Asker: 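Take this structure, written in structure tokens, and hold onto it; I'll ask about it next.
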Amino acid sequence: MDKNQQIDEMVESRLHHRRPDDTTDKERMMLKIRNVLNIVFMILAVVGAVLYVKYDVVTGGWIIGTAVVVKTAEVAIRLFKV
């Protein structure tokens, strides 16, 4: 076995990339939920920022606060792998 092949095997053994077909139904469902929560967060953050700057500080602040709560829920799902 040559040196390059040994290096390739070492790298391959250290890097285990999961393939989409390796995931369970629960993992796929959690990924979908996380993606939806991220989309909701982005929409709320942009709308809240625009309202905060252009129109009403209080309403914009509440919307941004709601966006933070949504993002916190997404992060909790990711960290705790619920």
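Because the structure is predicted, anything quoted here is derived from the model rather than measured.
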Asker: Just jot down the side-chain hydrogen bond (donor to acceptor under 3.5 Å, both in side chains) partners of T72, sequence neighbours excluded, or say none.
Answerer: none
Asker: Evaluate K71 against L37 for side chain to side chain contact (heavy atoms under 4.5 Å, CB included), listing each step before the verdict.
Answerer: CA-CA 7 Å; K71 185 62 179 178; L37 288 174; over 6 Å; no
Asker: Only pairs at least two apart or in different chains count here, so list each salt bridge (Lys or Arg N to Asp or Glu O under 4.0 Å) that has a residue in residues 32-49.
Answerer: R34-E74
Asker: Let me confirm one number: the CD1-CG distance from I33 to N38, rounded to the nearest 0.5 Å.
Answerer: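 Reported to 0.5 Å precision, the distance equals 12.5 Å.
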Asker: For A67 versus A45, what's the shortest heavy-atom pair and its separation?
Answerer: CB-N, 3.9 Å
Asker: Of all heavy-atom pairs between Y52 and I64, which one has the smallest distance, and what is that distance?
Answerer: CB-CD1, 4.3 Å
Asker: Give me the atom names and distance for the closest heavy-atom approach of I63 to L44.
Answerer: CG2-O, 3.3 Å
Asker: Starting from F41, can I reach V36 by hopping between I/L/V/M/F/W/Y residues whose side chains sit under 4.5 Å apart?
Answerer: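 Both belong to a single hydrophobic cluster.
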Asker: I43 pairs by side chain to side chain contact (heavy atoms under 4.5 Å, CB included) with which of I39, V46, V40?
Answerer: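 Answer to the side chain to side chain contact (heavy atoms under 4.5 Å, CB included) test with I43 among I39, V46, V40: I39.
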Asker: Determine, stepwise, if the pair V57 / L51 fulfils side chain to side chain contact (heavy atoms under 4.5 Å, CB included).
Answerer: CA-CA 7 Å; V57 172; L51 284 175; over 6 Å; no
